[in-house]
Amino acid sequence: RISPYFISTEHFHSASQLTKLGESYAECMRDENVETSLLMANTQRELPLMLAANAALYRRYGQDTCYGATASIGKTPVPEDRITLIKDTLTTGQSLAQHLTELADTGTKVTDIIVSVDRMEGSSLSGLTARRELEKAYGVRIHAIVTLEDIIRAMKDGVIGGRVHLEALVQYRA
């Protein structure tokens, strides 16, 4: 498949952009009752997002949570940790599956994953979406700040621009 759209948070370069996105992650965690003792970036690219989310959790809700990314950045996870991964977008779930397996091999377990956008892609292994397949295979809960359906609805309602691309998004979703 060739997607008619591209979503990436790696172009968020300013303090205001990262602050707002971090607040969105923190708000999603609060809305979904995510209890965590350790916030981790899924990949190095998501490190700024994880740090922004962690700062927002403290600033907005007084939640002082540890953070980690690699063996040399932040806290090293231990089996007692309730780990929440921060991810930018969820497409096929391949990088998530790899990271979840690596963490499981160390005796630690991820309980929740927060993604900025769930593209709602179908899995190549089953009739499930990548999100549902990962939840089933790894026993995690995946929460999205927005989904492709949210984006389509916002375009239809005129909340966001890009209506010229609406039909392509609807067809791709189908």
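What you are looking at is a predicted structure, and each value in this text was computed from that prediction instead of being measured.
- A salt bridge does not link R131 to E121: none of the charged side-chain nitrogens sits closer than 4.0 Å to a carboxylate oxygen.
- Using a 4.5 Å heavy-atom threshold, the side chains of K109 and R82 count as separate.
- At least one donor-acceptor pair under 3.5 Å links the side chain of R173 to the backbone N or O of M120.
- Here the side chain of Q171 pairs no donor or acceptor atom with the backbone of A168 at under 3.5 angstrom.
- Side-chain contact between H143 and M29 is absent, with no heavy atoms from C-beta onward closer than 4.5 Å.
- Every residue meeting the side chain to side chain contact (heavy atoms under 4.5 Å, CB included) condition with L51, not counting sequence neighbours, appears here in chain and number order: L47, Y67.
- Side-chain contact between T9 and L49 is present, with at least one heavy-atom pair separated by less than 4.5 Å.
- Note on Y172: it clusters hydrophobically with V170, by side-chain heavy-atom contacts below 4.5 Å among ILVMFWY residues.
- At a cut-off of 3.5 Å, with distance as the only test, a side-chain donor of Q98 or E102 sits close to an acceptor on the other residue.
- Between E135 and R132 a salt bridge is recorded (basic side-chain N to carboxylate O distance below 4.0 Å).
- The hydrophobic cluster containing I142 also includes L38, M40, I83, L85, L90, L96, L100, L103, V110, I113, V115, L134, Y138, V140, under a criterion of side-chain heavy atoms closer than 4.5 Å among ILVMFWY residues, counted directly or through chains of members.
- A distance-only check finds a donor-acceptor pair linking the side chain of E46 to the backbone of D88 [under 3.5 Å].
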